[in-house]
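Notes follow once the structure below has been shown.
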Amino acid sequence: MATSSIPSLRAEFAIPQRDGRDLAYFCGNSLGLMPRATPGVLERVIEQWRTHAVEAHFTDADAWMPYHELVREGLARLAGAQPSEVVAMNSLTANLHLMMVGFYRPSAARRKILIEARAFPSDRHAVVSQIRFHGGDPAVDLIELAPLPGAHCIAQEQIDELLARQGEQIALVLWPGVQYATGQRFELARIAALAHRHGCTVGFDLAHALGNVPVDLHAADADFAVWCSYKYLNAGPGAIAGCFVHERHARADLPRFAGWWGHQQGTRFLMGAEFQPTPGAEGWQLSNPSIFSLAPLRASLALFDRVGLPALRARSLALTGWLADAIAAELHAHLEILTPGDPQQRGCQLSLRVRAGRAAGRRAFERLSAQGIVCDWREPDVIRAAPVPLYNEVEDCRRLCDALLAHFETGSE
Ligand SMILES: *Cc1c(COP(=O)(O)O)cnc(C)c1O
């Protein structure tokens, strides 16, 4: 199969082992593996601190003052954005709140937020609390679009219909690039165009999309987007997150919760009382960023730049295609794939449900874990497996299928 024609960068990653054998690691959608270059970039920051202390803000090529700029271009390439449209800062949920301060401006007639049903809890908590903050009632103002009865995924036509019906009451459409539970990928440009036609602002949560599928935020005309960097971006636990603000809002007078790091760089240290935002996404920064949190992102983005997203996507389509085909051919009696079968409607993750029910699903999952095959479990009954094109191989997928076959066929079910 075509996967072998595009080599992985597996050798550039630390692959955890158990009993002297590499784990078959399918959890890059939850915490990406560590690039081998990461300790070096972190040690460099420690060395700067040890030898230069406060002067490390200005001294050398890796000076801390403009350190966030070192990841700007790489993030922009992955996000399909102009460099001035992206910034690395804070954490995902914090950024989502900051974005909603500017982009969720409910009025009496238009005050609803549209999200997908069973959205990631943090996103739901964020929008519910924003609605309450504005004096709204989530029972009325939050619309959660569920798949049609019997379906696992949301049809694009449902979004079209909903916006046609209720678009005039919707202030904000907040939609995932790739849905975390089902692995369904959405057409961002189509959703943004529709939302705008109905006068809604539109933001995307790219937690499961960035570094996984091609994203073109600028061309899609998104108003804003947010993401985290510890999943497909391999920047480590709690890594600095990111944010996109479309160029057309670069100088807009939107409400924002401001901090000194968003103030124009040239005059920031004049310590003036008036806030003058940096035009573009950087104007939304609050604080000086954690250099320890930014440094690993540099090591990871360098790997993305080495392969390029088109080649990575080609490898991903082949690898996930291989796994989906093998599951359909060998495990159909036991497993249902909830993720769309159309490769364009998914990234690398497949969400699997054991047909025999939740308890059987849990047993299968635990059996895999015991053998060093690391997937994850998402309540109520989903096993997620993400073959990540940067470091997973067909052999990992083969191991997963063989282990599941052995499990289901030893009569334990
Ligand atoms: C992973 C994930 C989060 C996590 O939020 P943090 O603020 O990074 O803890 C939020 N939303 C979605 C959709 C996610 O996939």
Side-chain angles (χ1 to χ4, degrees), residues 26-30 32 77-81 92 114-120 123 145-148 151-160 162-163 173-195 202-222 224-228 231-233 242 244 304 309-325 327-328 336-353 376 378 382-390 392:
F26 290 102
C27 263
N29 55 350
S30 186
R77 277 189 283 277
L78 287 181
L92 188 160
L114 170 63
I115 62 173
E116 87 277 24
R118 292 188 295 278
F120 195 94
D123 299 53
L145 182 60
L148 294 170
H152 304 302
C153 294
I154 296 169
Q156 173 70 47
E157 296 70 40
Q158 291 181 263
I159 309 174
D160 303 357
L162 191 132
L163 284 168
V173 176
L174 177 66
W175 209 256
V178 172
Q179 215 278 342
Y180 85 99
T182 62
Q184 180 180 13
R185 177 193 184 202
F186 290 95
E187 290 178 64
L188 305 190
R190 178 164 164 184
I191 292 171
L194 258 169
V202 59
F204 293 114
D205 185 327
L206 302 183
H208 281 263
L210 212 68
N212 176 19
V213 294
V215 170
D216 210 345
L217 287 173
H218 181 84
D221 207 27
F224 73 88
V226 292
W227 58 85
C228 53
K231 293 172 180 166
Y232 295 107
L233 295 192
F244 164 94
F304 279 96
L309 206 67
L312 211 56
R313 174 65 171 162
R315 189 167 197 279
S316 181
L317 287 168
L319 197 59
T320 295
W322 190 97
L323 181 60
D325 290 350
I327 291 171
E336 180 183 14
I337 302 178
L338 309 183
T339 310
D342 172 5
Q344 291 310 320
Q345 290 183 53
R346 64 187 184 210
C348 70
Q349 170 188 324
L350 294 181
S351 301
L352 310 172
R353 176 183 284 158
D376 73 6
R378 281 292 171 267
V382 176
I383 297 173
R384 299 189 308 175
V388 170
L390 275 172
N392 282 115

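Throughout, residue positions are numbered sequentially from 1 according to the sequence presented.
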[X] and [Y]: which non-hydrogen atoms are nearest, and at how many Å?
X      : Y      : result
Cys27  : Asp376 : SG-CB, 3.7 Å
Pro214 : Leu309 : CA-CD2, 3.6 Å
Val173 : Ala195 : CG2-CB, 3.9 Å
Cys348 : Ala386 : SG-CB, 4.0 Å
Leu206 : Ala225 : CD1-CB, 4.1 Å

Sub-4.5 Å side-chain heavy-atom contact between [X] and [Y]:
X      : Y      : result
Asp160 : Arg190 : yes
Gln179 : His208 : no
Phe204 : Pro176 : no
Asn29  : Val178 : no
Tyr232 : Leu210 : no
Ile337 : Leu352 : yes

Looking at [X] and [Y], would you say the former's side chain and the latter's main chain have a donor-acceptor pair under 3.5 Å?
X      : Y      : answer
Arg315 : Leu390 : no
Arg346 : Pro340 : yes
Gln158 : Ala146 : yes
Thr339 : Thr182 : yes
Ser351 : Ala181 : yes

So how far is it from [X] [atom1] to [Y] [atom2], rounded to the nearest 0.5 Å?
X      : Y      : atom1 : atom2 : value
Arg384 : Arg378 : CZ    : CZ    : 4.0 Å
Asn392 : Leu319 : CG    : CG    : 6.5 Å
Ile191 : Ile159 : CD1   : CD1   : 4.0 Å
Leu114 : Leu145 : CG    : CG    : 6.0 Å
Glu157 : Leu162 : CD    : CG    : 13.0 Å
Gln349 : Leu323 : CD    : CG    : 11.5 Å

Those residues at least two apart in sequence (or on a different chain) that pass salt bridge (Lys or Arg N to Asp or Glu O under 4.0 Å) with Asp216 are none
Apply side chain to side chain contact (heavy atoms under 4.5 Å, CB included) to Ile115 and Phe120, showing your working. CA-CA 10 Å; Ile115 62 173; Phe120 195 94; over 6 Å; no
side-chain contact (heavy atoms from CB on, under 4.5 Å) filter on Asp205, not counting sequence neighbours, yields Leu92, Asp123, Ala207, Val226
Notebook entry, point to check: In terms of ring plane angle, is the pair Phe186 and Trp175 parallel, tilted or perpendicular, where the classes change at 30° and 60°?
Noted result: perpendicular
Apply side chain to side chain contact (heavy atoms under 4.5 Å, CB included) to residues Gln184 and Ile154 and explain how you reach the verdict. CA-CA 8 Å; Gln184 180 180 13; Ile154 296 169; 4.1 Å; yes
ring-ring contact (aromatic ring centres under 6.0 Å, His included) filter on His152, not counting sequence neighbours, yields none
Trp227/Phe244 under side chain to side chain contact (heavy atoms under 4.5 Å, CB included): CA gap, chis, key distance, verdict:
CA-CA 9 Å; Trp227 58 85; Phe244 164 94; 3.8 Å; yes
Item to check | Test side chain to side chain contact (heavy atoms under 4.5 Å, CB included) applied to Leu233 and Phe304, step by step | outcome: CA-CA 9 Å; Leu233 295 192; Phe304 279 96; 4.0 Å; yes
**Prompt:** Under 6.0 Å from the CZ atom of Arg118, do we count more than 12 heavy atoms belonging to anything else shown?
**Reply:** no
